[in-house]
Undergrad: 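Sharing a structure below in structure tokens format, with a few things to ask.
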Amino acid sequence: MFKRLFNELALTFDISPNEAPLLIKSGRESGADPTLLDMNFVRTIHPRTGKMTVYLPGSSLKGTLRSYCEKIARTVRPDGGSKWCCNPFDQDVRSTTAFCGKRLEQRNSDSKDKENSAHWNQERDKQEEEKKSDGAVYRGSCVACRTFGNTRLASHLALTDAYSLDVPLLEQRDGVAIDRIFSTVAAGPFNMEVVTKGTFRATMSLRNFQLWQVGLLAVALRELGQGRVPIGFGKSKGFGRMSVSYHKLEISYPGRFSKQEGTHDFSRELMDLATFDFSDKREYGLFPDNSELPLLTEKGHEIIDDGKFGRVTACWSDVASIEDILNSTIGHWRDCALSKWLPSEERSDE
Ligand SMILES: [Zn+2]
């Protein structure tokens with residue numbers, strides 16, 4: 001299935017430090033270079049101006065969103081174990097919170113061992129093929145991995161690097177590390193380069209998604225935007241609290257030459273992956289979302305692709321409509337979290 005493309009969502013948002021310094025460390029310490037501070041903000045060439053600039057790497061944002069989504073998921077289903085939400089740092093396959101990537105790799109090598117020691121036959125070959133298939137990997141991946149990927153499954157979510165729209169305000173802060181026992185300065189003082197003002201624009205895209213995934217991301221983005229999910233260095237010092245403002249949302253259905261198909265209107269409905277028909281759908285163990293599909297708000301609604309180019313895309317650029325659409329998926333996440341459903345390595349129809 002994931003060699004095909006059913007639905008796509010692209011959310012462009014602006015993210016700014018919210019009355020707190022922000023430091024995404026570059027890893028370049030002063031060392032022999034006296035012009036550098038002890039801790040420096042990560043820099044790259046701005047794609048528009050061509051000048052060196054501080055920026056927020058997409059990987060930092062993605063990591064922050066992933067770990068927050070994991071925390072929420074584990075909180076709502078504490079008994080779910082690694083099938084519900086794994087721990088990417090737990091590389092022990094016998095553990096109840098083992099990383100899905102590791103667990104799925106182990107499963108693959110176990111079946112190879114069996115193949116080597118037993119009679120090779122067609123049936124086993126078939127099973128082996130099935131275990132390696134996209135569907136089996138997706139089916140055996142937890143809710144976090146289904147969105148953010150693992151070592152066996154490509155991420156369905158991508159985040160661009162966030163570049164500044166204005167000239168960010170850089171300041172220098174001094175810090176020390178305090179000895180826990182003697183309450184004296186254990187290390188430092190060291191100086192840090194922080195951003196205290198600036199607006200950075202990023203785009204998050206999600207492909208082949210279920211509505212519960214959008215709902216979970218909507219919750220995490222809201223928390224990020226309220227300063228409750230800090231990013232970067234110095235979280236315990238109060239660094240990295242951000243505000244988020246939505247700029248543009250696009251919902252697309254690639255490979256469609258018409259807005260209407262059967263009873264569905266691609267320009268008016270937010271369609272869950274499970275709504276589409278495809279031959280190996282059962283292999284993927286999707287959450288059976290039985291709730292009604294959200295209807296897309298007509299406010300601020302603009303159709304930028306009507307099927308002429310084999311794609312239907314609707315777009316919104318007012319904050320209230322974008323929030324309405326994102327919020328309409330939170331119930332789908334709630335239904336998924338409160339249901340008995342768990343991702344499973346076994347096919348449900350077996
Ligand atoms: Zn996982």
Side-chain angles (χ1 to χ4, degrees), residues 1-2 9 58-111 130-159 204-221 223-224 229 231 272-274 280-289 329 332-348:
M1 170 187 73
F2 295 137
L9 178 151
S59 52
S60 275
L61 289 170
K62 190 178 170 193
T64 302
L65 282 177
R66 177 173 190 143
S67 70
Y68 192 73
C69 287
E70 285 174 2
K71 274 184 199 151
I72 303 177
R74 290 190 201 107
T75 309
V76 295
R77 287 280 278 277
D79 54 341
S82 84
K83 282 193 170 169
W84 174 249
C85 183
C86 72
N87 173 3
F89 299 102
D90 188 346
Q91 300 284 320
D92 180 358
V93 288
R94 290 158 305 179
S95 157
T96 53
T97 58
F99 177 44
C100 296
K102 200 80 191 167
R103 185 160 44 79
L104 293 161
E105 271 161 31
Q106 181 68 25
R107 194 166 182 253
N108 221 13
S109 66
D110 279 357
S111 52
E130 200 269 330
K131 276 177 190 131
K132 280 187 205 156
S133 75
D134 289 350
V137 170
Y138 188 85
R139 193 171 70 227
S141 293
C142 75
V143 292
C145 289
R146 283 178 182 217
T147 307
F148 297 94
N150 59 40
T151 47
R152 294 292 318 279
L153 178 71
S155 176
H156 285 221
L157 179 128
L159 261 157
M204 179 187 93
S205 35
L206 187 64
R207 288 178 153 187
N208 286 340
F209 58 84
Q210 288 210 268
L211 293 174
W212 64 260
Q213 291 173 292
V214 184
L216 177 55
L217 285 165
V219 171
L221 280 167
E223 297 292 284
L224 177 71
V229 187
I231 67 173
D272 187 283
L273 182 57
D280 52 351
K281 188 160 140 185
R282 294 176 88 173
E283 304 277 333
Y284 286 78
L286 300 174
F287 168 62
D289 192 332
T329 60
H332 293 258
W333 159 242
R334 182 195 59 222
D335 291 350
C336 174
L338 301 181
S339 70
K340 294 265 180 288
W341 174 82
L342 272 182
S344 167
E345 286 172 43
E346 307 311 320
R347 273 177 60 156
S348 55

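Numbering of ligands and ligand atoms starts at 1, following listing order.
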Undergrad: So does F287 get a backbone contact from the side chain of Q210, meaning a donor-acceptor N/O pair under 3.5 Å?
TA: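 Present.
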Undergrad: For the backbone of R139 and the side chain of R146, can you confirm whether one donor and one acceptor N or O come within less than 3.5 Å of each other?
TA: yes
Undergrad: Restricting to distances shorter than 2.8 Å, give the number of protein N, O or S atoms close to the Zn ion (ligand 1).
TA: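 Protein N, O or S neighbours of the Zn ion (ligand 1) under 2.8 Å, waters not counted, come to 4.
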Undergrad: How would you list, by chain and number, every residue that makes a salt bridge (Lys or Arg N to Asp or Glu O under 4.0 Å) with E70, sequence neighbours excluded?
TA: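 Expected list: R66, R74.
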Undergrad: Is it true that a side-chain atom of K281 and a backbone atom of A274 form a donor plus acceptor pair closer than 3.5 Å?
TA: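 The answer is yes, because a donor-acceptor pair under 3.5 Å joins these two groups.
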Undergrad: To the nearest 0.5 Å, what is the distance between SG (C69) and CH2 (W333)?
TA: 8.0 Å
Undergrad: Between E105 and R152, is the closest basic N to carboxylate O distance under 4.0 Å?
TA: no
